[in-house]
Novice: 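Pasting a structure below so you can have a look.
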Amino acid sequence: MQQYIDIAEQNLLHTYNRYPVVFEKGAGVHLYDIEGKEYLDFVAGIAVFALGYGNETYNNALKEQIDKIIHTSNYYYNIPAIEAAKKMKKASGLDRVFFTNSGAEAIEGAIKAARKYAYLKDGKTDHEIIAMEHSFHGRTMGALSVTGNKKYREAFEPMIGNIKFANLNDFESVKALVTDKTCAIIMETVQGEGGIYPAEESFLKAVRELCDEKDILLILDEIQCGMGRCGTMFAWQKYGVKPDIMTTAKGLGCGIPVGAFLMTEKVGQNSLTAGDHGTTYGGNPLACKAIETVLDIYEKENILDHVNQVGDYLTKKLNEFVEKYDFIEERRGLGLMQGLVCNKPVGEIISKALEKGLVLINAGTNIIRFVPPFIITNEDIDTMADILDKCLAE
Ligand SMILES: *Cc1c(COP(=O)(O)O)cnc(C)c1O
């Protein structure tokens, strides 16, 4: 394994401090490294592999699609894209879909749609967007511009401009930033990288009302918290508010690189039009076959019921750690998107867990993040808790 790691470090651009493991394959909720060691996976490729590894229905659908056709072009229609769009509309109650290759690209599209919507109203080109501190929306320039973490942005300034930052769950801080130029308010329904902070219902409802009043578009980033992870297909469905634009990715393709932004018919009819936006790969038949199959499996296997059941159990187990260890301050999160907030960096705990065959990841420096595949059972959670307890004790 060390030989491969050395070669990797000689060749790959060093943009990640990687853990010293080379994974080779997966089965269900387990990963295996190239020396055959088994790991229980509570990361799922960062909230991606919701169905676990090696789901037969999913794999077979992709294999069949590969034999038919992998790629055409968005200048032609293809059936997987049509089916995937239909199913996403049904799952979200939103009306128009644009497929991308990643989360960041979905954010780029959402920003463009919001700016165009405002431009069509007043013909001006100085519209503003309000984003949240501690948010994370991706690494491309537009997505970075709305990411509320200076550390990620600073070296790459100037950003796209006219972005202001408010605080999640502080409505007055949002209201104070609104001007005649505000075209959109963007936030994660549950902040992921920034520390597993769910938006509060009263906050989200107040922002929704403000947006309605001023015809500002509400963009909810569901890239990490969506696709069932928080117990409803999209986290905002818990709150009784609906975004004008939503972004999704990560769990959407369960491993095939895909994303999408969706919008209401009103935004769809009054924003991006032919020639305004495009992508070569986005929405290709292979990617869309993945989306279509994922949504099929969710429905047939009542995945959301399972997420809610194991999510409750995970919550209970994590609360026990908060009780037991003084350096753990609180548990935050919903369903299978949870964090244990510690009063010190958690890197060492995560490394120890990996040595003991448990894959975990941080969110920020002080938070242990739990975003497992949806197919985990209560027994898997017990196993995770046993290993984690040993690491915490050490
Ligand atoms: C991961 C993530 C992104 C970026 O997605 P990529 O596919 O890595 O570009 C954007 N927003 C949120 C909330 C995310 O968790």
Side-chain angles (χ1 to χ4, degrees), residues 13 15-16 18 42-50 92 98-114 129 131-149 151-153 156 159-160 163 165 168-169 184-199 204 218-230 233-236 243 245-262 279 281-284 287 290-291 294 332-339 361-364 367 369-372:
L13 187 66
T15 50
Y16 282 89
R18 292 179 164 89
F42 266 66
V43 175
I46 310 194
V48 169
F49 249 98
S92 67
F98 184 100
F99 293 113
T100 66
N101 309 293
S102 67
E105 282 170 85
I107 297 288
E108 298 292 331
I111 292 172
K112 281 180 73 176
I129 295 174
M132 300 298 141
E133 293 288 359
H134 308 295
S135 61
F136 181 83
H137 297 291
R139 303 293 197 146
T140 54
M141 288 306 294
L144 202 53
S145 300
V146 290
T147 288
N149 185 335
K151 190 182 78 188
Y152 291 158
R153 293 196 311 261
F156 310 102
M159 295 286 115
I160 64 168
I163 311 290
F165 290 95
L168 187 76
N169 295 332
I185 299 175
I186 181 168
M187 71 180 87
E188 298 154 85
T189 319
V190 181
Q191 286 189 343
E193 306 300 311
I196 319 288
Y197 279 102
L204 213 51
L218 176 61
I219 304 173
L220 291 182
D221 180 348
E222 289 265 339
I223 290 169
Q224 188 161 158
C225 62
M227 286 304 289
R229 187 155 289 283
C230 292
M233 187 55 98
F234 297 104
W236 54 264
I245 303 176
M246 170 181 84
T247 57
T248 171
K250 291 199 166 87
L252 178 64
C254 277
I256 293 287
V258 291
F261 61 102
L262 291 88
T279 165
Y281 279 135
N284 93 7
I291 300 172
V294 167
R332 281 200 296 258
L334 299 166
L336 292 180
M337 180 174 179
Q338 302 267 355
I361 198 146
N362 59 304
I367 297 161
R369 175 167 34 167
F370 303 82
V371 283

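Order of listing sets the numbers, starting from 1, for every ligand and every atom in it. In what follows, residues are counted from 1 in the order of the sequence shown.
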Novice: Is there a side-chain contact between Met246 and Phe261 in this structure, where contact means two heavy atoms from C-beta onward sitting under 4.5 Å apart?
Specialist: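 Not in contact.
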Novice: Is it true that Ile107 lies under 4.0 Å from ligand 1, counting heavy atoms only?
Specialist: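 The answer is no: ligand 1 sits nowhere under 4.0 Å from a heavy atom of Ile107.
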Novice: Within the structure, does at least one protein heavy atom fall under 4.0 Å of atom 7 (O) of ligand 1?
Specialist: yes
Novice: Does any N or O of ligand 1 fall below 3.5 Å from an N or O anywhere on Gly138, backbone included?
Specialist: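 No; the residue has no nitrogen or oxygen that sits under 3.5 Å from a nitrogen or oxygen of the ligand.
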Novice: Is the shortest heavy-atom distance from the side chain of Tyr197 to the side chain of Val190 under 4.5 Å?
Specialist: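 Side-chain contact under 4.5 Å: no.
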Novice: Quick check on contacts: which atoms of ligand 1 are under 4.0 angstrom from a heavy atom of Gln224?
Specialist: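 Checking each atom against Gln224, I get 15 (O).
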Novice: Output the list of atoms in ligand 1 that are nearer than 4.0 Å to some heavy atom of Phe136, sorted by atom number.
Specialist: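 Once the distances to Phe136 are compared, the set is 2 (C), 3 (C), 11 (N), 12 (C), 13 (C), 14 (C).
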Novice: Considering only non-hydrogen protein atoms, determine which one is nearest to atom 11 (N) of ligand 1 and report residue, atom name and distance to 0.1 Å.
Specialist: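 Ranked first by proximity to atom 11 (N) of ligand 1 is Asp221 OD2, 2.7 Å.
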Novice: Which heavy atom of the protein is the closest neighbour of atom 15 (O) of ligand 1, given with residue, atom name and distance?
Specialist: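 I find the closest protein heavy atom is Lys250 NZ, 2.6 Å.
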Novice: Taking side chain as C-beta onward, heavy atoms only, is His137 less than 4.5 Å from Ile223?
Specialist: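 No, every pair of side-chain atoms sits at 4.5 Å or beyond.
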Novice: When you look for heavy atoms under 4.0 Å from ligand 1, do you find them on the side chain of Ala104, its backbone, both, or neither?
Specialist: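 Both backbone and side chain.
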Novice: Give the C-alpha distance, both sets of side-chain angles, the deciding distance and a yes or no for side-chain contact (heavy atoms from CB on, under 4.5 Å) between His134 and Asn149.
Specialist: CA-CA 6 Å; His134 308 295; Asn149 185 335; over 6 Å; no
Novice: Could you tell me, atom by atom, which parts of ligand 1 come under 4.0 Å of a heavy atom of Gly103?
Specialist: 5 (O), 6 (P), 7 (O), 9 (O)
Novice: Under 4.0 Å between a side-chain nitrogen and a carboxylate oxygen: does that hold for Arg369 and Glu193?
Specialist: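 Counted as a salt bridge, because a side-chain N and a carboxylate O are separated by less than 4.0 Å.
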Novice: For a quick check under 3.5 Å, do Glu108 and Thr140 share a side-chain donor-acceptor pair by atom type?
Specialist: yes
Novice: Quick one, Thr100 and Thr279 - any side-chain contact, counting heavy atoms below 4.5 Å?
Specialist: no
Novice: Which of the numbered atoms in ligand 1 are below 4.0 angstrom from a heavy atom of Glu188?
Specialist: 13 (C)
